[in-house]
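Structure record follows, encoded as structure tokens.
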Amino acid sequence: MTTVAALSLFPNLVFRPSYNFCSKRVGGKNGFKVLAVFSEEASGLERKSNSSVWGALFDVEDPGPRQLPVVSGKILDVNQALEVARLDLQYCDWRARQDLLTIMLLHNQVVEVLNPLAREFKSIGTMKKELAELQQELAQAHQQVHLSEARIGTALDKLAYMEALVHDKLLPEQKSKRPSGPTSEPESETYSPTTSSSNSSQLQTKSQRRNLNVSGPVKPYNPCLKNFWYPVAFSSDVKDDTMIPIDCFEQPWVIFRGKDGQPGCVQNTCAHRACPLHLGSINEGRIQCPYHGWEYSTDGKCEKMPSTKKLNVKIKALPCFEQEGMIWVWPGTDPPKATIPSLLPPPGFQIHAEIVIELPVEHGLLLDNLLDLAHAPFTHTSTFAKGWPVPSLVKFLTPASGLEGYWDPYPIDMEFRPPCMVLSTIGISKPGKLEGKSTKECTTHLHQLHVCLPSSRQKTRLLYRMSLDFAPWLKYVPMMHLLWRYFAEQVLNEDLRLVLGQQERMINGENVWNFPVSYDKLGVRYRLWRDAVDKGADRFPFTKQINSGLWS
């Protein structure tokens, strides 16, 4: 079974351009190219020979709003889920045809603008204006094509998952013989959003906790862990004339903005003599190597080679996207997913600080620390937890299948967002103090985002964003960002001395996850999720969504 939300592909708005045309088809190494789109005034012979071909291609009925199967609650059975997947593919097919048609019609308009007969009746200024408008429309259409390609890839992934579900239904005896473990979570544990679980599920979870072993040198990262969108920088740090070097999964990259202002992420190594590109400069939206001046665009193509004949050279570039004030990259080998999760704070909050810190610790150990609140009264005695009482019992309450929940007795909500993000909302009365037993009972709140980018096996790039739903005037206090950074570094230093000690002992063979207790629940679930990813599981434990990198 799966959820309705996990299968939804339809956008809110759909357009259906009208058309009436013919076109020419020519051979070539790329298959076919559209030379022109003719109106109804084109020659009758040309229309007769081509209209049937192109008419059949584009004359596909608009699927219209999808009618989801009527079910109780939000759970679909296998057959209903297959029907939803079929409707998704039907929409993707129609959408892709409309995208191609839109580009062809815009191409026709460009041909009309450049028609020698039309030039005699138009000024150069008018033609420039028309061409500029058409160029903008073409750019939007091509962007829509890329979105359609991503939607189709996602739909095919979901269809493959549906096929696996059908296989499970037809062969229940094989399903019952699956070994227990982090890659074979029971249905209620993996997809049910209920707040309770069966006795067998509880026994399995306890067995998994006893077997949790994180020890020894950090192993090379599994390629499956790379097949996610990763935030790597804040938009405000990437200026038109700046470069940001980063390490991601032990590979050097550099982020910069191209001519169009869009960010790009390319290999931080010149193709000529392996010089680090970030030591160079930005020249007209290209990154210039400081050694011999070779210049690279955001797609990695070398566009200038001073003092020599230009060669066809290209360095590796990662898919790069900008959303809600953050730069994201896709370091994996699988095609990027169509949707990037939102990491903005809840409504009513304003962002007050965005801080980037490089830490000499493996990112999994840092996530373990961030997902644990019970250590605060003992570790952070000089900063935010100064004066906190030590409760007799600390629990993390969460749905049976979730990676989010809230702390008892602290008024703090927390969530692990795959692959490396931690979001938390803290109810406060004034800095360093807590009030109430839940965030809903508190009048003011602090929202935090921690992104733990795996730079290498013993290094993490931490992106920290802090937001408040009170005191908006603090944003305008001079040098306030320096104070926030100082405070953040003080808190991290309290953690770092402990985590570095853990890392040293872990490398020497000690298990950093011995005897998990009640307040370790979220950290244990992260480790089981991570273990499933490392083993290349088809689906991940404690996640309600299909294994597609999407969040609803």
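Everything numeric here is computed off the predicted structure, so don't read it as measured data.
Here E250 pairs with R457 under the side chain to side chain donor-acceptor pair (under 3.5 Å) rule; sequence neighbours left out. For F416, the ring pair (Phe, Tyr, Trp, His ring centres under 6.0 Å) partners are Y526, W529, not counting sequence neighbours. Applying the ring pair (Phe, Tyr, Trp, His ring centres under 6.0 Å) test to W253 and every residue at least two apart in sequence or in another chain returns nothing. Every residue two or more places apart in sequence or in another chain that forms a salt bridge (charged side-chain N to carboxylate O under 4.0 Å, His left out) with D247 is listed here: K459. Qualifying side chain to side chain donor-acceptor pair (under 3.5 Å) partners for H445, counting only residues two or more places apart in sequence or in other chains: D469. Residues passing the ring pair (Phe, Tyr, Trp, His ring centres under 6.0 Å) test with F249, sequence neighbours excluded: Y221, Y230. Considering only residues two or more places apart in sequence or on other chains, R505 meets the side chain to side chain donor-acceptor pair (under 3.5 Å) condition with none of them. Scanning for side chain to side chain donor-acceptor pair (under 3.5 Å) contacts around S342 gives E324, with sequence neighbours left out.
The two atoms that bring P360 and L496 nearest to each other are CD-CD2, 4.2 Å, heavy atoms only. The minimum heavy-atom distance linking F256 with T242 is given by the pair CB-O, 3.8 Å. For T269 against P252, the heavy-atom pair with the smallest separation is OG1-CG, 4.2 Å. Residues L318 and P331 come closest through the heavy atom pair CD2-CA, 3.9 Å. Of all heavy-atom pairs spanning P231 and V451, the tightest one is O-CG1, 3.8 Å. Scanning all heavy atoms of the two residues, the minimum distance from P341 to R417 falls at CB-NH1, 3.8 Å.
Between K316 and V266 the shortest side-chain heavy-atom distance does not fall below 4.5 Å. The shortest side-chain heavy-atom distance between W328 and Q323 falls under the 4.5 Å cut-off. Here the side chains of I246 and I255 are in contact, with some heavy-atom distance below 4.5 Å. Side chains of E415 and S424 form no contact here, defined as non-hydrogen atoms less than 4.5 Å apart. Side-chain contact between M326 and L463: present, with at least one pair of heavy atoms (C-beta onward) separated by less than 4.5 Å. For the pair L343/M421, a side-chain contact is recorded, criterion being any heavy-atom separation below 4.5 Å from C-beta on. Side-chain atoms of P345 and I351, non-hydrogen and from C-beta on, do get closer than 4.5 Å to each other. Using a 4.5 Å heavy-atom threshold, the side chains of T298 and Q262 count as separate.
Sorted by first and then second residue, the salt bridge (Lys or Arg N to Asp or Glu O under 4.0 Å) pairs with a member in residues 253-262 read R257-E322; sequence neighbours excluded. Residues in residues 487-499 take part in these salt bridge (Lys or Arg N to Asp or Glu O under 4.0 Å) pairs, two or more places apart or across chains: R485-E489. Screening residues 278-298 for salt bridge (Lys or Arg N to Asp or Glu O under 4.0 Å) gives E284-R286, R286-E295, R286-E303 as the qualifying pairs, with residues at least two apart or on separate chains. Pairs passing the salt bridge (Lys or Arg N to Asp or Glu O under 4.0 Å) check and including a residue from residues 354-378, sequence neighbours excluded, read E354-R465, E358-R461, E362-R530, D368-R527.
Here the side chain of N511 pairs a donor or acceptor atom with the backbone of V214 at under 3.5 angstrom. A donor-acceptor pair is defined here as one N or O able to donate and one able to accept, closer than 3.5 Å; no such pair exists between the side chain of N268 and the backbone of P276. With hydrogens and angles disregarded, a donor-acceptor distance shorter than 3.5 Å links the side chain of T460 to the backbone of H363. In this structure, S467 contributes its side chain and F349 its backbone to no donor-acceptor pair below 3.5 Å.
Residues W407 and F396 place their aromatic rings such that the two centres sit under 6.0 Å apart. Proximity of the aromatic rings of W330 and W229 is defined here by a centroid distance below 6.0 angstrom, and this criterion is met. Between H352 and H481, the distance separating the two ring centers is not shorter than 6.0 angstrom.
Other residues, nucleotides and ligands place more than 12 heavy atoms under 6.0 Å from the NZ atom of K475.
Distance check: L453 CG to L462 CG gives 10.0 Å after rounding to the nearest 0.5 Å. Note that the CE atom of M506 and the CH2 atom of W513 stand 13.0 Å from one another [nearest 0.5 Å]. For the atom pair OH (Y410) and OG1 (T439), the distance works out to 16.0 Å, reported to the nearest 0.5 Å. Atom CG of residue N369 and atom CD of residue Q502 lie 7.5 Å apart, to the nearest 0.5 angstrom. In this structure, L279 CG and C270 SG are separated by 11.5 Å, a value rounded to the nearest 0.5 Å. Put simply, CE on M414 and CG on L522 are 7.0 Å apart, with the number rounded to the nearest 0.5 Å.
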Handout entry: side chain to side chain contact (heavy atoms under 4.5 Å, CB included) between D237 and I244, worked out
Key = CA-CA 8 Å; D237 293 334; I244 297 183; 3.8 Å; yes

Exercise for the section: Take V533 and F540 through the test side chain to side chain contact (heavy atoms under 4.5 Å, CB included) and record every step on the way to the result. Expected result: CA-CA 7 Å; V533 174; F540 305 143; 3.7 Å; yes

Practice task
Check step by step if side chain to side chain contact (heavy atoms under 4.5 Å, CB included) holds for N227 and T333.
Solution key: CA-CA 7 Å; N227 288 319; T333 55; 4.3 Å; yes

Exercise for the section: Show your working on side chain to side chain donor-acceptor pair (under 3.5 Å) between D534 and N222 and close with a plain yes or no. Expected result: CA-CA 5 Å; D534 289 343; N222 189 292; 5.3 Å; no

Practice task
Any chance you could lay out the side chain to side chain donor-acceptor pair (under 3.5 Å) test for D413 and T425, step after step, and finish with the verdict?
Solution key: CA-CA 5 Å; D413 300 333; T425 302; 5.3 Å; no

Exercise for the section: Applying side chain to side chain contact (heavy atoms under 4.5 Å, CB included), run through K301 and Y296 and close with a yes or a no. Expected result: CA-CA 5 Å; K301 185 177 181 180; Y296 300 89; over 6 Å; no

